[in-house]
2 protein chains.
Amino acid sequence: MKRGVTLKDIARKLNMSVSTVSKALSNDPTISLPTRARVKKLADEWNYIPNEAARHFKLSRTSTIGLIIPDLMDQYYALAINGAEKVAGQHQYNVIIAQSHEDPGREDEIVDLMLRNRVDGLLVAISKKREDMSVFKKTAYTGIPVIFFARPPKEDGFDAVISDNEHGAFKATEFLIKKGHKQIGYIMGPESMSVSYTRLDGYRRALDKYKLPYNGALVKSVDFTQEATFAAMRRFMKMATPPTAFFAFKNYIALDAIEYLKRKHPALLQQIDFAGFGNLPLLQYLDHKPVASIEESSYEMGEEAARLLLRTIHEEIPEEGRPVQHIQISCKLLVHK
Amino acid sequence: MKRGVTLKDIARKLNMSVSTVSKALSNDPTISLPTRARVKKLADEWNYIPNEAARHFKLSRTSTIGLIIPDLMDQYYALAINGAEKVAGQHQYNVIIAQSHEDPGREDEIVDLMLRNRVDGLLVAISKKREDMSVFKKTAYTGIPVIFFARPPKEDGFDAVISDNEHGAFKATEFLIKKGHKQIGYIMGPESMSVSYTRLDGYRRALDKYKLPYNGALVKSVDFTQEATFAAMRRFMKMATPPTAFFAFKNYIALDAIEYLKRKHPALLQQIDFAGFGNLPLLQYLDHKPVASIEESSYEMGEEAARLLLRTIHEEIPEEGRPVQHIQISCKLLVHK
DNA sequence: TTGTATGCGTTATCAA
DNA sequence: TTGATAACGCATACAA
């Protein structure tokens with residue numbers, strides 16, 4: 001049988017009604033066991049495959065959630081997807097994935113596509129450059145819940161699951177202080193990202209707690225290019241008393257900073273410590289690496305986000321009556337070697 | 001308007017028929033411009049979102065292709081996805097992604113799910129342990145074309161896009177030979193993967209070409225665990241004349257091998273060269289790294305696979321009459337530093 | 001230029 | 001225990 005066997009085909013062959021076949025296949029107890037068996041047997045022989053489009057259409061429910069991330073190449077998101085998929089699967093939900101490639105325009109299209117496909121809810125790690133949140137307001141308006149994760153929107157009023165960046169930064173800085181460092185630089189992320197500042201807060205709180213003075217000159221923002229990091233390091237190392245340790249916004253940045261030292265100040269390489277966000281599996285192969293990483297539990301974040309979304313989907317409370325929901329996932333300090 | 005505005009809602013409000021509204025929205029020239037404008041205006045105001053489930057159902061075509069890979073965390077596949085998505089997008093096809101996590105059972109479920117969702121075709125990088133290809137035969141039987149990529153099935157008779165592993169292995173080995181090495185080990189991948197042998201062929205051809213004898217003792221298979229690689233290295237280094245260079249099935253394996261030397265034979269570290277498959281961005285930060293990588297163009301592979309699939313979908317020739325299609329993507333030799 | 005009618009495959013309700 | 005029927009939202013052939 002080519003072109004999709006349907007219930008009707010089976011019904012005709014067995015001289016029963018379509019509804020009987022439908023019920024038999026879904027194990028409806030009002031259908032006699034022998035009938036169920038006959039139907040299943042033929043369905044199997046004929047390779048019957050239910051048409052989900054028709055089911056969804058009929059049921060006006062897809063049991064599918066949409067997941068939008070900036071970039072699949074970033075393992076951080078890949079891991080979050082795994083977490084979300086696990087939770088979704090446990091509730092018989094499917095997940096469809098799409099990437100914005102950091103393009104807000106593409107992101108808009110994806111949201112539209114997913115709404116047209118009638119996903120039951122949306123999980124979104126927003127693209128870096130998004131300013132206008134109207135698409136998501138429109139989404140909320142249609143009654144499709146949206147949970148943001150990892151990358152919260154700048155604007156308030158949206159449900160979100162993010163890692164506890166402030167405390168992670170605190171822990172990293174504290175670790176360096178406890179190792180005896182008194183002059184600690186913060187290689188900050190882009191100023192356009194709110195997380196850069198959240199981590200700055202944690203850095204400052206650690207300094208405060210251990211009575212170390214805060215010095216603005218010890219904080220330099222970089223984008224994620226190697227050149228920017230090199231430039232920042234050049235300026236750091238020109239200071240009268242350069243930092244003896246650095247807290248890096250991301251470990252990728254720390255690696256570039258270490259690379260700079262390798263090239264320009266090899267003698268200092270052993271004495272200067274780094275700690276940064278993001279645990280990278282390949283770190284173990286490096287001879288010179290950060291002494292500690294702050295690991296964001298992105299798997300757990302994916303799980304939490306999915307859980308929150310499913311809860312919201314099944315919520316009876318109307319959108320308006322519900323308070324904004326925020327969940328923070330704690331970060332782990334990982335000491336290397 | 002909650003719960004999905006439909007064409008009917010719009011039609012009722014504007015006192016027209018559903019079909020007029022439908023045509024107006026799809027810019028049918030038989031509908032007058034003013035009517036089209038009125039319809040579009042209200043559709044916009046009311047936030048009309050077409051129900052794709054209904055369209056698919058009606059059109060019995062989803063313009064969607066399913067993409068199944070073992071693991072999203074592997075950037076190799078993530079990149080292939082990007083390539084496939086690009087090509088699919090150019091032909092107004094959507095892509096849905098799912099991971100098997102190397103579990104053939106899960107893989108079966110995914111295939112089933114995708115068939116139920118009536119994807120127009122399937123792109124599959126098969127899970128490592130799959131033996132039984134019956135699911136895919138069944139798929140072919142339903143008329144849904146399947147293109148395998150990256151990981152070809154062992155069995156013959158399936159369309160596939162893979163990288164030219166044989167020639168890649170040849171190039172890596174040749175590079176080591178040209179560097180002056182005469183005793184070159186091959187740290188082979190799992191024996192359950194056909195690629196392991198394909199690369200062995202390339203290795204042997206290079207030896208042949210440069211009149212070096214092939215020695216079975218210089219080939220040791222490992223799974224991807226560090227322990228296995230350590231064990232293999234231990235045996236290699238116990239040989240009367242140990243290899244002075246290694247061709248590694250994967251660079252991850254090469255890194256473990258280097259790690260072994262670091263711990264057990266630090267003196268030899270500088271003299272022993274490695275070359276392996278898979279370029280890793282983080283390689284640049286390593287002090288001890290392979291001298292060369294074979295880069296598989298997975299992006300290009302994704303593109304090719306998608307192109308082949310779309311071509312097959314639009315093919316008029318029936319399944320049976322079509323010869324098996326195979327495409328090879330060439331690999332690039334990348335010398336480091 | 002617009003409207004009517006039909007059917008895509010499935011499930012749910014109700015009747016037999 | 002089974003069957004008839006309607007309905008989900010949309011696109012299309014055909015009629016007006």
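By convention in this document, chain letters (A, B, ...) are assigned in the order of the sequence lines, proteins followed by strands, and residues within each chain are numbered from 1. Here the structure is a predicted model, which is why all the values come from computation and not from measurement.
Protein atom NZ of A:Lys8 is 6 Å distant from nucleotide atom P of C:dG9, rounded to whole Å. Spacing between atom CZ of A:Arg38 and atom C1' of D:dT2 amounts to 12 Å, rounded to whole angstrom units. Distance B:Asp9 CG to D:dC8 C1': 13 Å, rounded to the nearest Å. For B:Arg55 and D:dT12, the CZ to P distance is 8 Å, given to the nearest whole Å. Here the P atom of nucleotide D:dA11 and the CD1 atom of B:Ile10 are 12 Å apart, to the nearest Å. Following rounding to the nearest Å, B:Leu59 (CG) and D:dG9 (P) show an atom-to-atom distance of 16 Å. The interatomic distance linking B:Leu25 (CG) with D:dT12 (P) rounds to 13 Å, in whole Å. The distance between atom CZ of A:Arg116 and atom P of D:dG9, rounded to the nearest whole Å, is 17 Å.
Comparing D:dT2, D:dC10, C:dT1 against the side chain of A:Ile31 picks out D:dT2 as the nearest. Listed nucleotides: C:dG3, D:dT2, D:dA11. Nearest to the side chain of B:Ser22: D:dA11. Among the nucleotides C:dT10, D:dG3, D:dG9, the one closest to the side chain of A:Thr6 is C:dT10. Distance from the side chain of B:Lys23 is smallest to D:dT12 among D:dT12, C:dT10, D:dT1. Closest to the A:Leu7 side chain, of the nucleotides D:dC10, C:dT11, C:dT2, is C:dT11. Looking at the side chain of B:Tyr48, the nearest of the listed nucleotides D:dC10, C:dA5, D:dC14 is D:dC10.
Using a 4.0 Å cut-off, no side-chain N or O of B:Thr35 falls inside it from OP1 or OP2 of C:dT1.
A:Ser17 contributes no side-chain N or O that forms a donor-acceptor pair with the base of D:dA4 under 3.5 Å. No hydrogens or angles were tested; on distance alone, a donor-acceptor pair under 3.5 Å links the side chain of A:Lys58 to the base of D:dA7.
Nearest-nucleotide assignment on DNA chain C puts the 5′-proximal partner with B:Leu33, out of A:Asn51 and B:Leu33. Residue-to-nucleotide proximity on DNA chain C shows that, of B:Ser19 and B:Phe57, the 5′-proximal contact is made by B:Ser19.
Salt-bridge formation is not detected for the pair B:Arg130/B:Glu102: no Lys NZ or Arg NE/NH1/NH2 atom is positioned less than 4.0 Å from an Asp or Glu carboxylate oxygen. At a threshold of 4.0 Å, the pair A:Lys137-A:Glu155 counts as salt-bridged, since one of the basic side-chain nitrogens sits closer than that to a carboxylate oxygen.
Taking the six-membered ring for Trp and thresholds of 30 and 60 degrees, B:Phe149 and B:Tyr77 have ring planes more than 60 degrees apart, a perpendicular arrangement.
For the residue pair B:Thr139/B:Thr142, the side-chain donor-acceptor check at 3.5 Å is not satisfied. A donor-acceptor pair shorter than 3.5 Å can be found between the side chains of A:Gln99 and B:Asn82.
Residue A:Asn15 is classed as a sugar-phosphate contact, given heavy-atom separations below 4.0 Å to backbone atoms only.
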